[in-house]
Amino acid sequence: MTLSPDLAALKAGNLKGALLMVLAMFCFSLEDMAVKQAAAHMPVGQILTLFGFAGTMIFAGLTWQRRERVFHPVMAERVMVIRAGFEVLGRVFFTLSLALTALSTTSAILQATPLMVAAAAVVIFREPVSLSRWALIAMGFLGVLLVIRPGLDGFSPLSILAVLGMIGFAGRDLATRAASPVLSYAQLGVTGFAALLLSGLLLSVYDGYWIMTQLTDLGYIIMASLVGVAAYTALTMAMRMGELSVVTPFRYTRLVFAMVLGALVFGERPDALELLGGAVIVGAGVLLMLTARGARKRT
């Protein structure tokens, strides 16, 4: 049976979008690994400052190459300021979590971000949510509890850092949805990394010190910046190329990459509860997206 040109183009777009999403998640995992390696020797404020400066310069160069304004007036709007605030919250606590806890644990908790966005969208954007979708959101947060296991012997208070980072990233995503669509991915990258640079400088003032950067650690920062920009670019292309309900579930491959890198590079061995919690979070997220796709088809 021969597919119609439109259907064939849609399937090709979905395949390319899915592959780009997997590539983005792999690059994000490499970024996390590089930041964690640097955090073994450098203060977090110093890492965020160098990482934010490098990312800002790279995206500013991309913006200039695209003949766009590096600093657009829309960036000063209230919603963009709120977005920058959540970006700072997410980046600071996520980086602290990378520095102080296992890569696999931090990544598992981060996977709950879409669930947090879905729950908050009900309040902020008045989006209708069925009881079945509420159940999936609750199931996803149950998975987070399995990972951090409050009240049990395996609980670490440092796991709260990843939860705060996840809340920050969810707020950033919600603010991005409410922001003006005139900004390109490169301009959004400038605002995101500029906020990261600012947060690094503020945290450095709190820390009160920097150290002499070793070439190895500087290499990790450069690596994180380059793969971070590649990840952001691939993510944007993926979201614009395929159907969101098809492409977005491939975000969860980040957890697989993080667990593999955590085991190979840092010798991490997630226990049964953490693996179960990660599986519950991923399962709830994928089902949530599939039910959303079904609801759109019925309307």
Side-chain angles (χ1 to χ4, degrees), residues 21-37 39-40 44 86 89-120 135-173 224 227-228 231 235 248-290:
M21 182 63 76
V22 173
L23 174 62
M25 295 305 106
F26 176 63
C27 289
F28 276 129
S29 298
L30 288 177
E31 174 194 317
D32 296 341
M33 182 271 292
V35 169
K36 186 172 178 62
Q37 288 279 34
V44 171
F86 277 115
L89 176 69
R91 284 288 187 173
V92 168
F93 284 107
F94 181 68
T95 306
L96 286 170
S97 182
L98 283 175
L100 300 174
T101 67
L103 174 61
S104 56
T105 300
T106 300
S107 296
I109 295 173
L110 183 68
Q111 303 313 304
T113 301
L115 299 168
M116 175 69 75
V117 171
L136 289 172
I137 291 171
M139 186 176 82
F141 289 127
L142 174 62
V144 174
L145 292 178
L146 288 174
V147 173
I148 65 177
R149 67 198 75 180
L152 300 179
D153 292 338
F155 171 68
S156 170
L158 293 175
S159 299
I160 302 302
L161 294 172
V163 175
L164 292 173
M166 180 263 292
I167 292 172
F169 287 139
R172 176 201 62 189
D173 291 350
V227 296
L235 175 65
T248 305
F250 286 90
R251 276 180 176 267
Y252 294 107
T253 57
R254 183 173 182 171
L255 180 56
V256 177
F257 292 132
M259 287 186 170
V260 171
L261 288 173
L264 294 178
V265 180
F266 304 106
E268 298 173 1
R269 296 293 184 271
D271 59 24
L273 267 183
E274 186 173 342
L275 291 172
L276 176 61
V280 169
I281 294 170
V282 170
V286 172
L287 288 174
L288 190 68
M289 292 167 196
L290 292 177

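The first residue of the sequence shown is numbered 1, and numbering continues consecutively from there.
The shortest side-chain heavy-atom distance between Thr106 and Asp32 does not fall under the 4.5 Å cut-off. Annotation: side chain of Leu158 is not in contact with side chain of Thr105 (no heavy-atom distance under 4.5 Å).
Although no hydrogens or angles enter the test, the distance criterion places a donor-acceptor pair under 3.5 Å between the side chain of Ser29 and the main chain of Met25. Although no hydrogens or angles enter the test, the distance criterion places a donor-acceptor pair under 3.5 Å between the side chain of Lys36 and the main chain of Thr101.
Distance check: Leu30 CG to Leu261 CG gives 6.0 Å after rounding to the nearest 0.5 Å. The line from OG of Ser159 to CG of Leu164 is 11.0 Å long, rounded to the nearest 0.5 Å. One finds the CG atom of Leu275 at 8.5 Å from the CG atom of Leu255 (value rounded to the nearest 0.5 Å). Taken to the nearest 0.5 Å, the CG atom of Leu142 stands 14.0 Å off from the CD1 atom of Ile137.
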Donor-acceptor pairs under 3.5 angstrom involving side-chain atoms of residues 109-120: please list them, not counting sequence neighbours.
{"from": "Gln111", "atom 1": "NE2", "to": "Ser107", "atom 2": "O", "distance (Å)": "2.9"}
{"from": "Thr113", "atom 1": "OG1", "to": "Leu110", "atom 2": "O", "distance (Å)": "2.7"}

Stepwise side-chain contact (heavy atoms from CB on, under 4.5 Å) test for Phe93 and Leu89: CA-CA 6 Å; Phe93 284 107; Leu89 176 69; 3.2 Å; yes
Assess the residue pair Phe266 and Gln37 against the criterion (side-chain contact (heavy atoms from CB on, under 4.5 Å)); give the C-alpha distance rounded to whole Å, side-chain angles, the decisive distance to 0.1 Å, and a yes or no. CA-CA 9 Å; Phe266 304 106; Gln37 288 279 34; 3.8 Å; yes
Evaluation steps, side-chain contact (heavy atoms from CB on, under 4.5 Å), between Glu274 and Leu146: CA-CA 6 Å; Glu274 186 173 342; Leu146 288 174; over 6 Å; no
Does Phe169 form a side-chain contact (heavy atoms from CB on, under 4.5 Å) with Arg172? I'd like the steps, not just the answer. CA-CA 5 Å; Phe169 287 139; Arg172 176 201 62 189; 3.4 Å; yes
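The two residues Ser97 and Leu161 make their nearest non-hydrogen contact at CB-CB, 3.9 Å. Between Met259 and Ser104 the shortest heavy-atom distance is CG-CB, 3.9 Å. The shortest non-hydrogen separation linking Val44 to Ala99 is CG2-CB, 4.2 Å. Considering every non-hydrogen atom in both Leu103 and Ala258, the closest pair reads CD2-O, 3.7 Å. Nearest heavy-atom pair, Phe28 versus Leu235, reported as atom, atom and distance to 0.1 Å: CE1-CD2, 4.2 Å.
The local environment of CZ in Phe26 is sparse, with at most 12 non-hydrogen atoms from other residues, nucleotides or ligands closer than 6.0 Å.
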